[in-house]
Amino acid sequence: MINNTIKIQLPDGSTHQKPRGTTSLDIAGDISSGLARNVLAAKVNGSVMDAVVPLESDSELKLLTWDDPEGRDAFWHSSAHLMAEAIENLYPGVKFGIGPSIDQGFYYDIDPGDYEITQDALPAIEKKIKELAKEKQTFKRTAISKKEALDHYTAKGDEYKVELIQELEDGHISFYQTGEFVDLCRGPHIPHTGFIKAIKLLSIAGAFWRGDESRKQLTRIYGISFPKKKLLEEHLQMLEEARKRDHRKIGRELEIFAFSHKVGAGLPLWLPKGAELRERLENFLNKLQKEAGYQKVITPHIGNVNLYKTSGHYQKYGQDSFRPIETPHEGEAFMLKPMNCPHHCELYNTRSFSFRDLPVRYAEFGTVYRYEQSGELHGLTRVRGFTQDDAHIFCTPDQLKREFKGVIDIILKIFKALDLKDYEVQVSLRDPGDSEKYIGSRENWEKAERAILEIVEERDMKTRVEYGEAAFYGPKLDFMVKDALGREWQLGTVQVDYNLPIRFQLEYTGSDNQKHRPVMIHRAPFGSMERFVAVLLEHTAGKFPLWLTPEQVAILPISEKYHTYAENILSLLHNSHIRGQVDQRAEKIGRKIRDTELKKTPYMLIVGEKEEQNNQVSVRKQGEGDLGTMDPERFIQLIKTITKEELNV
RNA sequence: GCCGAUGUAGCUCAGUUGGCCAGAGCAGCUGAUUUGUAAUCAGCCGGUCGGCGGUUCGAAUCCGUCCAUCGGCUCCA
């Protein structure tokens with residue numbers, strides 16, 4: 001007897017007996033019609049598929065909605081198809097590259113052929129998409145053989161899809177059709193286009209086919225869509241807010257840094273407030289490093305080209321660097337240093353070391369210069385001249401783990417002092433399939449990789465392990481942080497290096513009285529001071545921690561009569577190393593408060609007749625309001641306590 | 001570097017199809033006001049309209065080119 005019922009188990013543990021061939025959507029409908037309206041896709045026995053696929057055997061089912069990342073993926077991917085359909089409608093004969101969902105929305109790459117699709121076309125495309133969405137077109141899936149697929153697109157003259165299909169395995173190829181539009185696609189898709197209630201095409205940009213600079217540049221249109229109009233409004237609102245946190249805007253407003261095209265693109269100018277802020281960051285790190293046994297060194301901004309030939313950087317990056325400068329008579333060539341490690345290796349080579357001397361830790365705030373392509377420059381996050389909080393640790397292979405851990409702990413202390421919680425650690429290891437390309441012994445690599453993995457485990461850090469991302473000379477660990485618009489940046493980095501010790505012939509004498517190679521660790525907790533400050537500006541929206549902020553206290557006299565008293569208070573603050581100023585303008589107190597609030601100065605001391613008589617100050621906290629009056633001494637204690645807590649890491 | 005867009009005062013922006021000496025708010029300066037928890041009032045200063053070249057009787061406006069910026073792509077020792 002054929003059993004025509006199947007058992008479906010839902011995540012809540014409940015099981016349902018259903019006829020064979022029931023779809024996920026049917027099951028959703030049985031639970032509630034509301035759920036049926038919200039089901040975007042289904043996860044059946046762990047794999048995500050269309051909600052309209054009939055279930056043929058006992059299954060574990062998870063219904064995916066907007067609340068599930070996979071649900072949103074299907075939604076956005078379907079939106080990309082819909083956009084392509086609209087574009088094909090408006091521009092018959094265009095060819096399509098790939099059109100995936102991304103973190104926030106989707107894009108599609110288009111070869112417009114003879115058409116010219118620019119920003120101005122977006123509203124019309126958007127309008128067309130909305131029309132098509134209302135038709136509630138279904139996404140019709142057809143499994144197709146590789147040959148059929150190739151024939152289809154060859155006939156169409158679509159070289160992009162042909163190239164994609166050629167890389168696919170026969171038997172795993174499918175087409176999806178919405179309306180007249182057929183697209184090569186693995187799926188899954190949402191039940192029908194009517195789910196897409198709100199869509200916005202955000203930007204248009206060139207994008208090289210398959211990310212390859214040497215190949216054709218396609219037109220990429222980015223968009224985002226939602227199942228509810230309100231969600232789109234909220235998203236656009238969020239983007240607006242993010243723009244307000246842009247470090248380029250806040251950095252100018254708070255007078256942290258500036259650029260001048262007369263100085264040069266990508267060459268940041270640190271204004272006095274920015275320079276002082278940076279100095280505080282550097283001092284903080286200096287202190288941590290001193291405690292951790294680092295020694296400070298200083299090396300010049302240029303180095304002989306031969307130094308970089310020794311390190312290997314010249315061969316690899318020389319053509320893409322600032323041209324070397326030459327001495328007038330001898331014609332000796334020097335490079336602006338793109339990194340500090342070769343200099344530090346030469347420092348190491350100035351004497352001999354025994355195993356008892358290791359580890360040696362050389363630290364320097366080293367300013368380096370790298371030629372970045374003009375289109376890539378971006379505020380303080382991507383510049384051509386920047387300062388690394390660089391250090392190189394020379395140690396024995398056995399010391400590696402301990403040293404690595406020491407570095408991680410410094411970085412964690414810094415992140416804590418700056419209240420940076422939203423970061424992810426990326427561990428880059430060897431590609432297991434290609435052990436040939438790596439320098440250094442297998443044994444050492446294994447030791448290093450194991451050490452790194454153990455450390456992130458011990459410290460319980462949110463980690464993403466990337467195999468094959470390690471450099472040829474060693475594994476590494478990067479701290480990744482997102483900016484206001486969700487773009488990811490690398491801040492702190494720790495990198496093991498088996499290569500430079502060989503190239504620079506670094507040695508130490510072991511207990512066996514033999515010469516050995518030390519291992520090198522490159523590390524920079526901030527990464528670059530420029531980028532770090534940029535990310536910090538966006539994370540705090542300019543409201544820096546009290547210990548770091550340029551002006552901690554603004555003293556606001558009610559009128560000119562209290563200027564002397566205000567100045568006396570300021571002296572008290574200065575005696576306690578608290579940074580502040582008196583606002584001596586002939587403005588009303590409301591105006592002074594407003595301006596100070598906008599400058600994000602954390603504390604305001606309002607002083608007038610009452611305060612002077614009672615020898616007190618009236619304290620107001622930025623963003624919060626009046627805290628009442630207190631003795632100046634008590635206020636000073638308050639500031640000291642807070643900064644001490646912030647820095648007691 | 002590539003695709004697209006943008007560039008008017010320190011900042012944010014107006015300047016209709018080319019047409020008298022280019023406008024506003026904020027900031028700045030000067031003066032008045034001496035103020036109690038998010039903008040006091042008045043006057044003034046400030047611009048080679050990103051640079052250079054061209055078209056035109058006439059260019060912020062049209063064309064070319066270079067520079068810079070923005071959104072992406074590519075790259076990132």
Side-chain angles (χ1 to χ4, degrees), chain A residues 107 109 112 116-122 202-222 243 246 248-249 252-253 255 258-266 308 311-318 320-321 337-342 368 370-379 381-384 386 388 471-473 476 485 487 489-490 493 495 497 499-500 522 528 531 556-563 585-599 604-611 618-629:
Chain A
Y107 67 79
D109 285 345
E116 210 174 304
I117 302 179
T118 65
Q119 221 167 50
D120 303 335
L122 298 185
L202 296 166
S203 66
I204 185 162
F208 296 106
W209 171 235
R210 317 217 82 178
D212 185 340
E213 218 173 350
S214 67
R215 307 195 65 179
K216 184 155 183 182
Q217 191 160 47
L218 306 178
T219 301
R220 176 172 295 179
I221 298 180
Y222 284 91
R243 273 189 272 276
D246 192 318
R248 293 166 296 194
K249 179 174 151 65
R252 182 173 54 225
E253 286 167 359
E255 298 171 35
F259 286 95
S260 157
H261 69 96
K262 289 180 182 165
V263 173
Y308 297 99
S311 71
H313 293 114
Y314 187 78
Q315 293 83 325
K316 193 150 193 265
Y317 297 102
D320 298 314
S321 299
K337 73 174 166 186
M339 50 193 330
N340 304 298
C341 29
V368 297
R370 296 178 184 177
Y371 173 77
E372 302 290 355
Q373 297 192 94
S374 58
E376 186 52 45
L377 300 172
H378 181 94
T381 49
R382 200 65 194 280
V383 289
R384 286 178 174 164
F386 58 97
Q388 295 178 315
F472 73 93
Y473 51 80
K476 65 172 177 173
L485 285 168
R487 291 174 294 213
W489 298 97
Q490 177 206 306
T493 179
Q495 193 148 0
D497 190 341
N499 179 44
L500 286 185
H522 309 251
S528 107
R531 180 177 289 180
L556 313 180
I558 295 290
S559 82
E560 204 176 344
K561 291 180 214 153
Y562 313 106
H563 280 188
R585 295 176 305 165
E587 295 289 351
K588 289 203 196 170
I589 194 67
R591 175 58 180 273
K592 292 182 184 176
I593 287 168
R594 183 185 148 81
D595 290 346
T596 313
E597 287 278 346
L598 292 176
K599 271 162 59 188
M604 284 158 253
L605 297 182
I606 290 151
V607 293
E609 190 179 357
K610 276 186 297 183
E611 288 77 9
S618 181
V619 181
R620 182 188 163 100
K621 190 161 183 214
Q622 199 271 352
E624 290 182 25
D626 197 352
L627 298 186
T629 55

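We name chains A, B, ... by the order of the sequence lines, and we start the count at 1 in each one.
B/U56 and B/C75 have their P atoms separated by 47 Å, with the value rounded to a whole Å.
Considering only side-chain atoms of A/Arg591, the nucleotide from B/U40, B/U37, B/A38 that sits closest is B/U40. Checked against B/C2, B/C76, B/A38, the side chain of A/Arg370 finds its nearest nucleotide in B/C76. Here the side chain of A/Arg248 is nearest to one of B/C73, B/C70, B/G36, namely B/C70.
Of the side-chain N and O atoms in A/Arg220, none sit less than 4.0 angstrom from OP1 or OP2 of B/C3. Taking only side-chain nitrogens and oxygens, A/Thr219 never comes nearer than 4.0 Å to OP1 or OP2 of B/C3. Residue A/Lys216 has no polar side-chain atom (N or O) positioned under 4.0 Å from OP1 or OP2 of B/C2. The phosphate of B/U69 (OP1 or OP2) has no side-chain N or O of A/His378 nearer than 4.0 angstrom. Between A/Tyr222 and B/C73 there is a side-chain polar atom (N or O) within less than 4.0 angstrom of OP1 or OP2.
Taking 3.5 Å as the limit, the base of B/C75 and the side chain of A/Arg382 contain a donor-acceptor pair of atoms between them. For B/A39, its base sits under 3.5 Å from the side chain of A/Arg594 at one donor and acceptor pair at least.
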For RNA chain B, the dot-bracket pattern of Watson-Crick and G-U pairs whose distances stay under 3.5 Å, | for other-strand partners: (((((((..((((.....[...)))).(((((.......))))).....(((((..]....))))))))))))....
Nucleotides 5-14 of chain B: which of its N/O atoms have a protein N/O under 3.5 Å away?
unit_1	atom_1	unit_2	atom_2	d
B/U12	OP1	A/Arg252	NH2	3.1

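Across all strands shown, A/Ala471 has no heavy atoms under 4.0 Å from either base or sugar-phosphate atoms.
Residue A/Lys592 contributes atom NZ, which lies 14 Å from atom P of B/U34 at whole-angstrom precision. Atom pair A/Gln217:CD and B/C75:C1' shows a separation of 14 Å (rounding to whole Å applied). When the P atom of B/A77 is taken as reference, atom CD of A/Gln373 falls 13 Å away, rounded to whole Å.
Residues satisfying the side-chain hydrogen bond (donor to acceptor under 3.5 Å, both in side chains) criterion with A/Tyr222, sequence neighbours excluded, are A/Arg220.
Stacking of the aromatic ring of A/Tyr317 onto the base of B/A77 is found: the ring centres lie under 5.5 Å apart and the planes are inclined by under 30°.
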